[in-house]
Amino acid sequence: MGKILLKNGVIVNEGVIQENDILIENDLIVKIAKDITDAEAKVIDVKGMHILPGIIDDQVHFREPGLTHKGTIATESRAALAGGITTFMEQPNTTPQTTTIEKLEEKFAMAANSAFANYSFLFGGTNDNLEELKRLDKNACSGIKLFLGSSTGNMLVDDEKVIESIFRNTEMVISAHCEDETTIRANLDKYKEKYGDDIPIKYHPIIRSEEACYLSSSRAIALAEKTGARLHVFHVSTGKETNLFRNDIPLEQKKITAEVCIHHLWFSDTDYAEKGTLIKWNPAVKTSKDRELLWDALLDDRIDVIATDHAPHLLEEKDNVYTKSPSGGPLVQHALPAMLEKVKDGKIKLEKMVQKMCHNPAILFQIEKRGFIREGYYADLVAVDLNSSWTVTKENIAYKCKWSPFEDVTFSSKVVHTIINGHLGYTNGEFSETRNAKRLTFNRL
């Protein structure tokens, strides 16, 4: 691949913002310093741009295998590069589900042939695959995923003895979708009795309620404390839940961690009137007060990671009555621009955003040589122009499903270049057709 020299960029890394050049050789960063010269290197002048580590998204649904009409590893990972995401961790609720080691390795083989961004997968825990889970090497993949509330693909784990056995029998991070199924079903039955299938979307956060989220996440946390398991609670959506997490010790020492998603930081229940089922997610987008409390917990380090939960569906699937409209939406292309908008608004510092989207996922999942701009690390980098406005339109959406909840939003910051393992994968709106993605490796002793 040769050498690339990024000149005159402003690097944002490990709490520091400073101007430096970056020399890349093959797939690694080899030098970070002022005024680097190298006659053999391809020079990219990034003057006026900020250079961030490549974003690590710990929760995506790229729909392959089995649901490829919605998206594929290839289409969605290309879209991720357009959003500065260089690494993704994909979820197990595909068809077939990723609940055996054989199916896990089949997914890795698919990604090796088609992924444009670095990849790993989560192994799905079920009510009946504990023995398979015990055989899983702790460095084989990102970790274990448990659906403690049903969602798209219905991988509900509801046998409490099985859940405790899983917690006791893995050293890996257990990432959990926490919503109490009994509460949700009771709420849904009540609204179906009144409205049939055509329940107004505004009731979604009442059906998938604060109570449903808190009951499930608090139980999971209590079980993790009892068993000593390493628990990561995905897509926290309520203010009440944020009080379950701590910020008095470093991330490296935490046994229980939390993630918040872009949509829960951006939207609130007042947006259902305009957006309808386009912002139907599980867990639901809730009140503006919940949103503010999520921001508070993110900023004071009770919440550790920002992710997307990218989950594309076709518009004709979303444009359905409530009970038939699937939950989820596409986000990888627009997550970083959305967060940069919050930086511009003064909601979060750029350094803190980088911590939550780059450094912390790498620390939390013990990813090898990624998530930081350091000599000897893989050259996963994104150059952003904080003063280049653009509007999301159908014409510039890269998702296979061809829509976005951010359509018609004008962002004031733009991803200009995305470098993956030393290769320019995306630049000025154009994708490289050369893939240079790698399977993630982990340093779990």
Side-chain angles (χ1 to χ4, degrees), residues 57 59-80 82-83 88 90-97 110 114 147 149-156 177 179 184 188 191-192 194-208 235 261-264 266-285 308-335 338 391-409 431:
D57 192 346
Q59 189 186 180
V60 304
H61 303 262
F62 281 177
R63 304 305 191 197
E64 190 172 1
L67 302 166
T68 52
H69 65 289
K70 302 174 190 281
T72 67
I73 291 170
T75 61
E76 307 314 284
S77 62
R78 282 174 93 247
F88 67 86
E90 213 263 351
Q91 303 304 298
N93 54 332
T94 45
T95 306
Q97 297 166 346
M110 288 175 202
S114 63
F147 288 90
S150 66
S151 192
T152 305
N154 195 11
M155 288 181 61
L156 178 65
H177 176 131
E179 292 183 284
I184 292 167
L188 182 59
Y191 282 92
K192 281 185 79 171
K194 185 173 182 180
Y195 294 103
D197 287 326
D198 198 10
I199 300 167
I201 185 64
K202 67 181 180 181
Y203 295 118
H204 185 55
I206 299 170
I207 293 168
R208 304 190 82 96
H235 42 46
C261 289
I262 298 295
H263 42 286
H264 293 123
W266 186 279
F267 298 105
S268 77
D269 59 357
T270 61
D271 294 304
Y272 286 114
E274 179 192 350
K275 297 287 186 180
T277 55
L278 296 185
I279 61 165
K280 184 188 182 200
W281 277 280
N282 298 342
V285 168
T308 69
D309 195 13
H310 173 92
H313 301 283
L314 300 187
L315 265 179
E316 52 261 43
E317 295 172 322
K318 292 290 278 184
D319 188 21
N320 238 313
V321 295
Y322 177 83
T323 59
K324 295 180 181 175
S325 177
S327 293
L331 276 169
V332 287
Q333 185 181 356
H334 303 108
T391 302
V392 181
T393 65
K394 285 212 182 298
E395 290 69 35
N396 59 33
I397 289 171
Y399 313 126
K400 186 173 183 178
C401 67
K402 283 308 201 183
W403 68 273
S404 166
F406 287 106
E407 244 167 280
D408 300 323
V409 171
F431 295 95

Qualifying residues under side chain to side chain donor-acceptor pair (under 3.5 Å), relative to [X], sequence neighbours excluded:
X: E317; result: H69, K70
X: T75; result: T72
X: E395; result: T393
X: T68; result: none

Using the side chain to side chain contact (heavy atoms under 4.5 Å, CB included) criterion, which residues pair with [X]? Sequence neighbours excluded.
X: P65; value: T94, P96, K107, M110
X: L278; value: L315, K318, W403
X: D197; value: K192, V321, T323, K324

ring-ring contact (aromatic ring centres under 6.0 Å, His included) partners for [X], two or more places apart:
X: H263; result: W281
X: F88; result: F62
X: Y203; result: Y191, Y195

Problem - Given N282, T277, D269, the one that forms side-chain contact (heavy atoms from CB on, under 4.5 Å) with H204 - result: N282

From [X] atom [atom1] to [Y] atom [atom2], the distance as rounded to the nearest 0.5 Å:
X: I279; Y: H264; atom1: CD1; atom2: NE2; value: 9.5 Å
X: C261; Y: F267; atom1: SG; atom2: CZ; value: 12.5 Å
X: K402; Y: L314; atom1: NZ; atom2: CG; value: 13.0 Å
X: D57; Y: D309; atom1: CG; atom2: CG; value: 8.5 Å
X: Y399; Y: H334; atom1: OH; atom2: NE2; value: 4.5 Å

Fill in the blank from the handout: Residues W266 and A338: closest non-hydrogen pair is CZ3-O, 3.4 Å

Exercise for the section: Identify the residue among E90, E76, H61, Q333 that makes a side-chain hydrogen bond (donor to acceptor under 3.5 Å, both in side chains) with H310. Expected result: E76

Problem - Residues forming a salt bridge (charged side-chain N to carboxylate O under 4.0 Å, His left out) with K394, sequence neighbours excluded - result: E407

